[in-house]
Every structure is written in structure tokens, then in C-alpha cells.
Amino acid sequence: MEQKKSFELTSFHLHIIAMAAMLLDHLWITVVPGNGWMTDIGRIAFPIFAFMTVEGFFNTKNLKKYVKRLFAFALISEVPFNLVAGGSVFYPVHQNVLWTFLIGIMLMQMNEKVKNKSVAVRLATGAGTAALGFILGLVTFTDYNHAGVLTVLVFYFFRGKSWKHFAAQFVCLWYINTEILSGFYYPVYIFGMNFEVLRQSFAVFALLPVWLYKGKQGFYNKTVKAVYYWFYPAHLFVLWCIKEIIY
């Protein structure tokens, strides 16, 4: 008797989860303001995309083409992003998230060049690229700034499936989202004590699907690949148009 295959979380599923969460977050920003639960869920989108950027870096058959494609869509996405984030075609104080990922890829490449060097060289390079990413994220005004670049590096430096990798990812993401990004919080009253739950801390829940991912690509073809890339600029532009019509 043929055994039924158990469900397995693939790259396809992670993309769908991240895109859905991102859509909810951007709906909250544009056409349905006031629904905080949307952006709460939306917090998981960026860490998943950051993780998938690292996976793409290691699994792509042609890194140069991967970077060129990401660069092209960073350019394409800039105007829709500017319209949503700043209300104008030109908005120099905030760049779309694909630039954040491109910086992360550049820093990963720098680390890969010394992977066969001594431990001291690798550690120095890792620390140096983390510091460089921190600075570049700030001065270039990319989405999520330095915290975004550091998130990419977290998944790069602690890439693996052991409990040590999971613990490091959790601690780093918790620190990045609660100490570096911080922001709005929900007051919570439990057992006579007052607590503050940061909205940005919900980003840590992105680790659940990331940890369940077993490295398989899943459903994939040219159409799916196109959707992965075009979804970001397209949904931003559509939401901006809807917002302009409604408001």
C-alpha cells in the first residue's frame, strides 16, 4: 500500500505566507487604516523575506543573474514604494526593501570570500560586515534601515537547523525588533501587573515557518517566479491607486 506523503513546508509556502502578511501590512498603511491586527500579522513578512534572500543567495544557479534581477526590480519598485511611503514619485528619505536585501547580499559575498581563511579572519570579516551593514542601512535610508540589513546577516551567520542556530536566530531577532526597531506597544494587564507588548516583537513569530522549512523548493515554474518578483511593485501600485480613488 502506498503511503501518503506528509505535508512539508517549502519555499513556495514561505513566499505565500510572506506575501500575504506583507499585503495585510500594506493594506493597513493605505486603504484600511485603524486595523492594527493587519500590521501585527504583517510583522512576520520581512524576516521571512530576509531568510529567503539568504536561501536564494546559496541556492541560485547564477548569483550574478540573481543580483541583476533583484537590482532591476529594486529600480522598478522605487516609484510605487515612493507613492505609498511618501505620496510622491520622488521620496529620497526612504528606499524600498529590495535595496536592503541587495546590501545584505553584498555583505554575504564579502564573508564568502574569506570562508576558507583562518577563524580570526572570518570573525573579523563578520564583525566588519555587520558594522558596515549597520552604517549602510542608516545612510541609504533603505526600508528597515540597519535593522533590516542585520536581519539578513543573522540568517546568514546562523544558517542551520540545530538548536544552537535556532536559539541564536531567536535572540538576535528579538533584540533587533524590540531594542533597535521598538515602536508602538500594547499595554497588557495580567494578574495585577502591567506589561508592554511591542508590536514589532510579533516579527519573531516568523521563525516558526522558517524553522519548519526543510529546504525544498516546492511548486515552481516561470509564472510562479514572475509572481515572486512582480508582486512587490504591483501590489504597492494597486494599493496606492485604490487609496487615491477612495480618499
Side-chain angles (χ1 to χ4, degrees), residues 3-25 37-60 63 66 70 97-98 100-101 103-105 107-108 111-112 115 122 126 129-130 133 137 143-144 146-183 186 197-220 224-225 227-229 231-232:
Q3 291 183 342
K4 292 184 178 179
K5 293 183 179 179
S6 59
F7 175 78
E8 193 170 24
L9 209 62
T10 66
S11 171
F12 173 76
H13 297 125
L14 287 183
H15 276 95
I16 296 301
I17 292 170
M19 288 190 294
M22 180 171 63
L23 178 59
L24 284 174
D25 188 34
W37 65 271
M38 289 184 168
T39 191
D40 293 342
I41 296 175
R43 298 303 89 206
I44 71 170
F46 179 79
I48 295 177
F49 281 126
F51 172 78
M52 295 311 298
T53 299
V54 177
E55 288 298 293
F57 175 81
F58 281 105
N59 294 319
T60 183
L63 184 59
Y66 177 61
L70 202 59
V97 76
L98 298 184
T100 308
F101 297 145
I103 293 174
I105 291 173
L107 299 176
M108 286 190 285
N111 281 279
E112 285 296 295
K115 66 180 180 180
R122 297 201 304 270
T129 51
D143 203 18
Y144 284 92
H146 52 309
V149 178
L150 291 178
T151 300
V152 176
L153 290 179
V154 165
F155 286 117
Y156 171 76
F157 289 134
F158 303 111
R159 184 171 183 257
K161 291 296 183 181
S162 72
W163 70 266
K164 293 180 180 179
H165 293 107
F166 290 169
Q169 290 171 12
F170 177 83
V171 171
C172 290
L173 256 65
W174 181 264
Y175 180 81
I176 288 171
N177 286 281
T178 60
E179 297 298 327
I180 298 179
L181 289 174
S182 189
Y186 295 104
V197 177
L198 283 166
R199 168 176 283 166
Q200 192 60 41
S201 68
F202 295 145
V204 177
F205 286 103
L207 290 173
L208 294 177
V210 164
W211 291 346
L212 291 172
Y213 167 69
K214 301 300 181 182
K216 292 187 178 180
Q217 189 176 57
F219 181 63
Y220 188 78
V224 171
K225 181 179 179 180
V227 170
Y228 286 168
Y229 283 97
F231 181 80
Y232 184 59

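Both backbone and side-chain heavy atoms feed into the values below; hydrogens, waters and symmetry mates do not. Please read these numbers as outputs of a predicted model, since none were measured by experiment. For this chain, numbers begin at 1 and follow the sequence in order.
Aromatic ring centres of Tyr144 and Phe46: separated by under 6.0 Å. Between Tyr228 and His15, the gap from one ring centroid to the other is short of 6.0 Å.
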Problem - Trace of the side chain to side chain contact (heavy atoms under 4.5 Å, CB included) decision for Ser11 with Glu55 - result: CA-CA 9 Å; Ser11 171; Glu55 288 298 293; over 6 Å; no
Practice task
List the steps, then state whether side chain to side chain contact (heavy atoms under 4.5 Å, CB included) holds for His13 with Ile16.
Solution key: CA-CA 5 Å; His13 297 125; Ile16 296 301; 5.7 Å; no
Exercise for the section: Could you walk me through whether Arg199 and Thr39 pass side chain to side chain contact (heavy atoms under 4.5 Å, CB included), step by step? Expected result: CA-CA 8 Å; Arg199 168 176 283 166; Thr39 191; 3.4 Å; yes
Handout entry: Audit row: Arg43, Asp25, side chain to side chain contact (heavy atoms under 4.5 Å, CB included) steps and yes/no
Key = CA-CA 8 Å; Arg43 298 303 89 206; Asp25 188 34; 2.7 Å; yes
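A pairwise comparison of heavy atoms in Gln169 and Phe158 identifies NE2-O, 2.8 Å as the closest pair. In terms of heavy-atom proximity, Ala130 sits nearest to Leu153 at CA-CD1, 3.7 Å. Residues Gly126 and Thr129 approach most closely at O-OG1, 2.9 Å, considering heavy atoms. Nearest heavy atom pair, residue Gly137 against residue Val149, reads CA-CG2, 4.1 Å. The minimum heavy-atom distance between Leu198 and Ser182, with the atom names listed, is CD2-OG, 3.9 Å. Minimum heavy-atom separation, Gly160 to Phe166: O-CE2, 3.7 Å.
At a threshold of 4.5 Å between non-hydrogen side-chain atoms, the residues Ile44 and Phe202 do not count as touching. Considering only heavy atoms from C-beta on, Pro47 stays 4.5 Å or farther from Val210 through its side chain. Between Asn111 and Phe157, some side-chain heavy-atom pair lies under the 4.5 Å cut-off. Within the 4.5 Å cutoff, side-chain heavy atoms of Glu112 are placed close to those of Phe57. Side-chain contact between Thr151 and Phe51 is absent, with no heavy-atom pair separated by less than 4.5 Å. Using a 4.5 Å heavy-atom threshold, the side chains of Thr10 and Gln217 count as separate. Within the 4.5 Å cutoff, the side chain of Glu8 has no heavy atoms near those of the Tyr213 side chain. Taking the side chain as every heavy atom from C-beta outward, Leu24 and Trp37 approach each other to under 4.5 Å.
Residues passing the ring-ring contact (aromatic ring centres under 6.0 Å, His included) test with Tyr186 are Phe184, sequence neighbours excluded.
For the atom pair CG of Leu212 and CD1 of Ile17, the computed distance is 8.5 Å after rounding to the nearest 0.5 Å. The line from CD1 of Ile103 to NE2 of His146 is 12.5 Å long, rounded to the nearest 0.5 Å. Within the model, atoms CG of Leu23 and CD1 of Ile41 stand 11.0 Å from one another, a figure rounded to the nearest 0.5 Å. Between Phe101 atom CZ and Leu98 atom CG the span is 7.0 Å, to the nearest 0.5 Å.
No more than 12 heavy-atom neighbours from other residues, nucleotides or ligands sit within 6.0 angstrom of CZ on Phe205. Within 6.0 Å of NZ on Lys161 lie more than 12 heavy atoms contributed by other residues, nucleotides or ligands.
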Donor-acceptor list for residues 170-180 side chains, cut-off 3.5 Å, not counting sequence neighbours:
residue	atom	partner	partner atom	Å
Asn177	OD1	Gln200	NE2	2.8
Asn177	ND2	Leu173	O	2.7
Thr178	OG1	Trp174	O	2.5

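Thr100 and Asp143 are not linked by any side-chain donor-acceptor pair at a separation below 3.5 angstrom, with hydrogens and angles left out of the test.
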